[in-house]
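Here is the structure we will look at.
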2 protein chains.
Amino acid sequence: MADSSTQVRPGGRSAKVRAAVHRAVAELLAEEDAETLTLPAVAARAGVHPTTLYRRWGSAAQLLNDVATSRFTGDLVVPDSGSLAGDLQRWLADVVTDVADPDTLALMRATIGSGPAGGCACVEDRHRQLGAIIRREQDRGGTALDVETAADFLLGPLYYRAIFTPEPASADWARTLVSTYLATLRTP
Amino acid sequence: MADSSTQVRPGGRSAKVRAAVHRAVAELLAEEDAETLTLPAVAARAGVHPTTLYRRWGSAAQLLNDVATSRFTGDLVVPDSGSLAGDLQRWLADVVTDVADPDTLALMRATIGSGPAGGCACVEDRHRQLGAIIRREQDRGGTALDVETAADFLLGPLYYRAIFTPEPASADWARTLVSTYLATLRTP
DNA sequence: AAATTATCGCACTGATCATTGCGTTAGTGG
DNA sequence: CCACTAACGCAATGATCAGTGCGATAATTT
């Protein structure tokens, strides 16, 4: 103990409590609205004492942020089909499948309402993945693309529909999105 | 009193209370996060007794929904510049200006978290306006366009950036959005 | 102007949330 | 195996929220 006074201890029990709490948040969010997501309610569902939640997370907003971060990072693998079109098609199809889950959507909506005003944990990893796909295309000798513009045309309509409109996003609609975006690249 | 037992009374006092409450909600949302938006807090800010809020709105979610509905309906006029491109350019610029306001954005984010899972009061009027623009173009003899697709390409990137990314939407970026969308119509 | 009643303020109560101090359990390193 | 301490459970407290009955105010009608 040369430097730090706080020594993290991620062994069995803490991890088990954390997993139970995360699962309880997901379940409660899927059942009822985000208004009733209080720390005592989560604790009762997870079989954990409320004091633990107050100490580890402090508030419902921070807990939601933690759940969303661990839920939306590292869940999708960046495909490598050999072409930009193939990579985008497969990746966006995976994103559509992910967003199509009502529980995932509920977590996203709740996170938007309680998270910080700029940036959201729901899409940070998506932007990284899109950047990786574009960088790979550039390494193959393809044209250098702007990540922001690609996100505008691919993630924009997808998340807009998921959050604001009741109609779900289908897989072939996502394919149309990709081909339209690629068409705009050829005709500036 | 032939039919109804409840008789609405929108005269002076009720309207004044309603306006004060709406203003208090907007102020509190602009200052702090949506977590602390409780009915007693709104009542204290508005100078109204909390009982009134419990009776008229019932919960913070319903109050938020009411505020958002009256805030996002009828605030923009549908332009009539003579051409589809001009109408879309001017209208989307107005939408950008509207979303650029931090207070408006805070109200949108809070409404997403507390509103019903399908559809949001923030965009319902936007869809109606976009439908009116497209219908007018069709009356002029132009091509019949799909409202959903137009919303995907215009409102999608705009609201996606506003909610998920910290970077603001500029006016000329909105112009790029419109011209790109119009370009995709000519090259299917 | 008088009667009617929707709406609001006030006081009060029960329920739930947020927080703290203390003892216990169980990972972690020697 | 033993000492150490991070992490948890428990009990108790103050604060705030949610809800109710009743009288007062003011908008609306006759």
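In what follows, chains are A, B, ... by sequence order, proteins preceding strands, each numbered from 1.
For the pair A:T52 and D:dG9, the criterion of a side-chain N or O lying under 4.0 Å from OP1 or OP2 is met. The phosphate of C:dG9 has neither OP1 nor OP2 within less than 4.0 Å of any side-chain N or O from B:R55. Between A:Y54 and C:dA18 there is a side-chain polar atom (N or O) within less than 4.0 angstrom of OP1 or OP2.
When rounded to the nearest whole Å, the span between CG of B:L53 and P of C:dC10 equals 13 Å. Note: NE2 (B:H49) to P (C:dC12) measures 12 Å, nearest angstrom. Between the CH2 atom of A:W57 and the C1' atom of C:dA18 there is a distance of 17 Å, rounded to whole Å.
B:D66 and B:Q62 share no donor-acceptor pair across their side chains, judged by distance under 3.5 Å alone. Between the side chains of B:T104 and B:R71, at least one donor N or O lies within less than 3.5 Å of an accepting N or O. In this model, a donor atom of one side chain and an acceptor atom of the other lie less than 3.5 Å apart for B:S81 and B:D87.
Summarising the geometry of A:A169 relative to A:V96, their closest heavy-atom pair is O-CG1, 3.4 Å, with the distance given to 0.1 Å.
Under the 4.0 Å criterion applied to side-chain N and carboxylate O atoms, B:D94 and B:R90 are not assigned as salt-bridge partners.
If one axis is set at each end of the helix from C:dA1-D:dT30 to C:dG30-D:dC1 from five pairs, those axes are 50° apart, to 10°.
Between the side chain of A:T51 and the base of D:dC10, at least one donor-acceptor pair of N or O atoms lies under 3.5 Å.
Residues from residues 31-42 of chain A lying near DNA chain C, meaning a heavy-atom separation below 4.0 Å, are A:T38, A:P40 in numerical order.
Using bins of under 30°, 30° to 60° and over 60° for the plane-to-plane angle, the ring pair B:H127/A:Y160 lands in the parallel bin.
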